[in-house]
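Working notes for the structure below.
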Number of protein chains: 2
Amino acid sequence: MLNLIKDCVVKNTLKVERAKKNLTQADLAKLIMVSRQTIHAIESGKYVPSTVLALKIAHIFETTIEEVFELEESDWSK
Amino acid sequence: MLNLIKDCVVKNTLKVERAKKNLTQADLAKLIMVSRQTIHAIESGKYVPSTVLALKIAHIFETTIEEVFELEESDWSK
DNA sequence: GTAAAATGTAAAGTAAGGTTTACATTTGGA
DNA sequence: TCCAAATGTAAACCTTACTTTACATTTTAC
């Protein structure tokens, strides 16, 4: 079975949520205990965070993972 | 900065949700296009799925990731 | 009680998430 | 304008998620 997950595109609203709370990338990184580069990489779509990270991020923004990370429509069937 | 994420414990309700929908591990695996062993590994806590997989799993069960995957209380501060 | 279905387990390999260090560029305020 | 803060970028490295194949054990149905 070939890997279809890696081809899935996930959009996120990190930058906007950060703005709402007036947090810098470094602030957010510190809050969830990861490197600033990790936040940057997620925001710029370089990669999708692990579920543990996603849980923490959604928690900080007082919302759900689904609100922050959205799987592209066409990828639900992959 | 050392990696704290790997030490986080995440419980999940996959087995129960599967029972509700009367799906075998193989059924679920087929629905989200992963191997049966992947489902088994997640269910038995061997590892936490990626966010993409978690999104798909929650979607199948018509719920949210937070309902299916719960970070242990003490790990929110890690 | 036996066959089939479901679940458990394991090993080797690949890809993606995340780290560290380091430096370059952009933005904003005095 | 100039300094500092914020953001962007990159490379080398390690860990974990997920795959494939294969076989063992447990459950379920007849």
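Chain identifiers are assigned alphabetically (A, B, ...) following the order of the sequence lines, protein sequences preceding nucleic acid strands; residue numbering begins at 1 within each chain.
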_Restricting to non-hydrogen atoms, name the atom on B/Ile42 and the atom on B/Leu53 that form the minimum distance, rounded to 0.1 Å._
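Residues B/Ile42 and B/Leu53, closest heavy atoms: CD1-CD1, 4.2 Å.
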[atom1] of [X] to [atom2] of [Y]: how many Å apart, nearest 0.5 Å?
| X | Y | atom1 | atom2 | result |
| --- | --- | --- | --- | --- |
| A/Lys15 | A/Ser44 | NZ | OG | 9.5 Å |
| B/Ile57 | B/Ile32 | CD1 | CD1 | 4.0 Å |
| B/Thr38 | B/Lys46 | OG1 | NZ | 9.5 Å |

Rounded distance (Å) that lies between atom [atom2] of [N] and atom [atom1] of [X]:
| X | N | atom1 | atom2 | value |
| --- | --- | --- | --- | --- |
| A/Leu53 | D/dT16 | CG | P | 13 Å |
| B/Ile39 | C/dT9 | CD1 | C1' | 16 Å |
| B/Ile32 | D/dC18 | CD1 | P | 9 Å |
| A/Tyr47 | D/dA11 | OH | P | 15 Å |
| B/Lys56 | D/dA17 | NZ | C1' | 14 Å |
| A/Lys46 | D/dA11 | NZ | P | 9 Å |
| B/Lys15 | C/dA6 | NZ | P | 14 Å |
| A/Glu43 | D/dA6 | CD | P | 14 Å |

_By side-chain hydrogen bond (donor to acceptor under 3.5 Å, both in side chains) - contacts of B/Asp75 (at least two apart)_ =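 Here the qualifying residues are B/Lys78.
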Distance test, side-chain N/O of [X] to OP1/OP2 of [N], below 4.0 Å:
| X | N | answer |
| --- | --- | --- |
| A/His40 | D/dT7 | no |
| A/Ser50 | C/dG18 | yes |
| B/Ser44 | C/dT9 | no |

*Under a 4.0 Å heavy-atom cut-off, which of residues 18-27 of chain B touch DNA chain C?*
B/Arg18, B/Thr24, B/Gln25
Mind listing the side-chain donor-acceptor pairs of residues 64-73 of chain B below 3.5 Å, one per line with the distance, residues two or more places apart or on another chain?
{"unit_1": "B/Thr64", "atom_1": "OG1", "unit_2": "B/Glu67", "atom_2": "N", "d": "3.3"}
{"unit_1": "B/Glu66", "atom_1": "OE2", "unit_2": "A/Ile65", "atom_2": "N", "d": "2.9"}

_Letter per nucleotide, 5' to 3', of nucleotides 25-30 of chain D [B base touched, S only sugar-phosphate touched, - untouched; heavy atoms, 4.0 Å]_ = ------
*For nucleotides 23-30 of chain C, read 5' to 3', which letter fits each nucleotide if B means a protein heavy atom sits under 4.0 Å from the base, S means only the sugar-phosphate is that close, and - means neither?*
--------
*Do B/Lys56 and A/Cys8 have side chains that get closer than 4.5 Å, going by heavy atoms?*
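Yes - at least one pair of side-chain heavy atoms lies under 4.5 Å apart.
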Would you list the atom pairs, donor with acceptor, under 3.5 Å between side chains in residues 19-30 of chain B and any protein atom, with sequence neighbours excluded?
{"unit_1": "B/Lys20", "atom_1": "NZ", "unit_2": "B/Glu17", "atom_2": "OE2", "d": "3.2"}
{"unit_1": "B/Lys21", "atom_1": "NZ", "unit_2": "B/Glu62", "atom_2": "OE1", "d": "2.5"}
{"unit_1": "B/Thr24", "atom_1": "OG1", "unit_2": "B/Ala26", "atom_2": "N", "d": "3.3"}
{"unit_1": "B/Thr24", "atom_1": "OG1", "unit_2": "B/Asp27", "atom_2": "N", "d": "2.9"}
{"unit_1": "B/Thr24", "atom_1": "OG1", "unit_2": "B/Asp27", "atom_2": "OD1", "d": "3.4"}
{"unit_1": "B/Thr24", "atom_1": "OG1", "unit_2": "B/Asp27", "atom_2": "OD2", "d": "3.2"}
{"unit_1": "B/Gln25", "atom_1": "NE2", "unit_2": "B/Glu43", "atom_2": "OE1", "d": "3.2"}
{"unit_1": "B/Asp27", "atom_1": "OD2", "unit_2": "B/Thr24", "atom_2": "N", "d": "3.0"}

_Under 3.5 Å: donor-acceptor pair, side chain of B/Thr51, backbone of A/Ser50_ = yes
